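Before any comments, here is the structure.
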Protein chains: 2
Amino acid sequence: MRKDFGARPWLYPQPVLVIGTYDAAGRPNAMCAAWGGISDDTELSVCVAAEHKSAANFAVCGAFTVSMATERYLAECDYLGVVSGNDEPDKLAACGLHAVKAPHVNAPLISELPMAVECRLVSYDPDSCRLVGEIVNVCADESILDEKGEIDPDRLRPVSFDPVHSTYRALGGVVADAFIAGTKI
Amino acid sequence: MRKDFGARPWLYPQPVLVIGTYDAAGRPNAMCAAWGGISDDTELSVCVAAEHKSAANFAVCGAFTVSMATERYLAECDYLGVVSGNDEPDKLAACGLHAVKAPHVNAPLISELPMAVECRLVSYDPDSCRLVGEIVNVCADESILDEKGEIDPDRLRPVSFDPVHSTYRALGGVVADAFIAGTKI
């Protein structure tokens, strides 16, 4: 027997994405979003409600960054999600995080978050809340790379958002190889 | 120092979504997708390339379901991702899974996958690969509910896709309360 929960925005897992922009004065801002993901080979999309300070920044920058929230800086990332840049003009400093300009786009990286996607703005529609970015580059700090120079999720320690319980979850271990497990059937 | 990886469709975590549809003959089909997520309060979107059999089914059904791939049925879900419905007309039977009509939309649920989102088709654009669904209902089998009747992620055991290593990962434990951890800063 299945139980119905009605129309809920629930998927597992949902990411915890930290969206970085500059405002018109050149000040870095960052916010959190769990509604979004890769939308094709070269694009990602995120829902950003129009009342967010970031929403006004997309056109200013023509770009944005998407950093993965991590276990290590989870309280700081949560702070970015609960406090609006409209109320606290320098959220990053207020929670002890640091911004540095991304090398490939006009938007800030968060120094403490070691993996980020640099995006060129494709479109932002305040009515639908849909932000679309062309992926220009993925960058990762050397501290989270493995011996082969690849991103190591066990060093990155990204988190996910549990929409049912409003908690953050760690990433678990490897349970199978993709595109191989099913070939044994 | 950060290392650049170029334009890659990489986020952590990415979901493993099993998209259920009926074809014109009424046969259930299912495929896997890691590019997608909640796109606003009432919608989700997934990238489905036009060559998939499912792509022709969206207009037939006017609906689709999105089930969470689970650790328990991971080989079967991976099979749904590696074998095309164009080559194997009854993929579900071929890997031992069972379909049952979803109660609220004209699309199949996979009996073995205990959590699913029932969606009404909003749009499918084969050029951009973008499939958009209005969330009509979330349903979950009683076997994955906790004592309060809520979905328990530790019983669901959803997986995520690691795009760098092409592996599947388990969901880890709770590491913080969302919208609370950051208020202590």
Side-chain angles (χ1 to χ4, degrees), chain A residues 1-13 15 35-42 47 68 71 74-75 78-79 81-82 95 129 135-142 145 150-151 153 156 158-162 164 166-179 181-183 185, chain B residues 1-13 15 35-42 47 68 71 74-75 78-79 81-82 95 129 135-142 145 150-151 153 156 158-162 164 166-179 181-183 185:
Chain A
M1 270 294 290
R2 290 191 187 227
K3 178 176 174 178
D4 289 340
F5 291 89
R8 306 292 186 103
W10 289 352
L11 281 184
Y12 285 98
W35 293 352
I38 298 292
S39 47
D40 78 13
D41 199 25
T42 60
C47 177
M68 309 305 117
E71 281 187 64
L74 189 49
D78 189 62
Y79 174 89
V82 291
C95 68
C129 95
I135 298 170
V136 172
N137 186 49
V138 172
C139 61
D141 192 81
E142 288 175 351
L145 303 183
E150 294 290 341
I151 292 169
L156 171 63
V159 296
S160 65
F161 175 64
D162 174 346
V164 175
S166 288
T167 56
Y168 298 116
R169 289 264 179 167
L171 185 69
V174 174
V175 287
D177 289 314
F179 319 126
T183 60
I185 291 178
Chain B
M1 272 292 291
R2 287 188 188 231
K3 177 175 174 179
D4 290 338
F5 291 90
R8 305 294 186 102
W10 289 352
L11 282 185
Y12 285 98
W35 292 352
I38 299 291
S39 47
D40 78 14
D41 199 27
T42 59
C47 178
M68 310 305 116
E71 282 187 64
L74 190 47
D78 189 62
Y79 175 89
V82 292
C95 67
C129 93
I135 299 170
V136 171
N137 185 50
V138 173
C139 61
D141 192 82
E142 288 175 351
L145 303 183
E150 294 289 341
I151 292 169
L156 173 61
V159 297
S160 65
F161 176 64
D162 174 346
V164 175
S166 289
T167 55
Y168 298 115
R169 289 262 180 169
L171 184 68
V174 175
V175 287
D177 289 313
F179 320 126
T183 60
I185 290 180

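Letters go in sequence order (proteins before strands), and every chain restarts at 1. It should be emphasised that the depicted structure is a prediction, and the values quoted were computed from it without experimental measurement.
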Quick one: what part of [X] sits under 4.5 Å from any heavy atom of chain B, side chain, backbone, both or neither?
X: Glu142(A); answer: both
X: Asp41(A); answer: both
X: Met68(A); answer: side chain
X: Val174(A); answer: both
X: Cys95(A); answer: both

Heavy-atom pair count under 4.5 Å with chain B, highest-scoring of [options]:
options: Ala7(A), Gly36(A), Gly6(A); answer: Gly6(A)
options: Asn137(A), Thr167(A), Val136(A); answer: Asn137(A)
options: Thr183(A), Val82(A), Leu74(A), Val138(A); answer: Val138(A)
options: Val164(A), Val159(A), Asp4(A); answer: Asp4(A)
options: Ser160(A), Cys129(A), Ala75(A); answer: Ala75(A)

key: Top contributor to chain A contacts, counting heavy-atom pairs under 4.5 Å, from Gly81(B), Pro13(B), Ser39(B)   = Pro13(B)
note = Ranking Ala176(B), Pro158(B), Cys47(B) by heavy-atom pairs under 4.5 Å to chain A gives rank one to Ala176(B)
key: Side chain / backbone / both / neither for Thr42(B) at chain A, heavy atoms under 4.5 Å   = neither
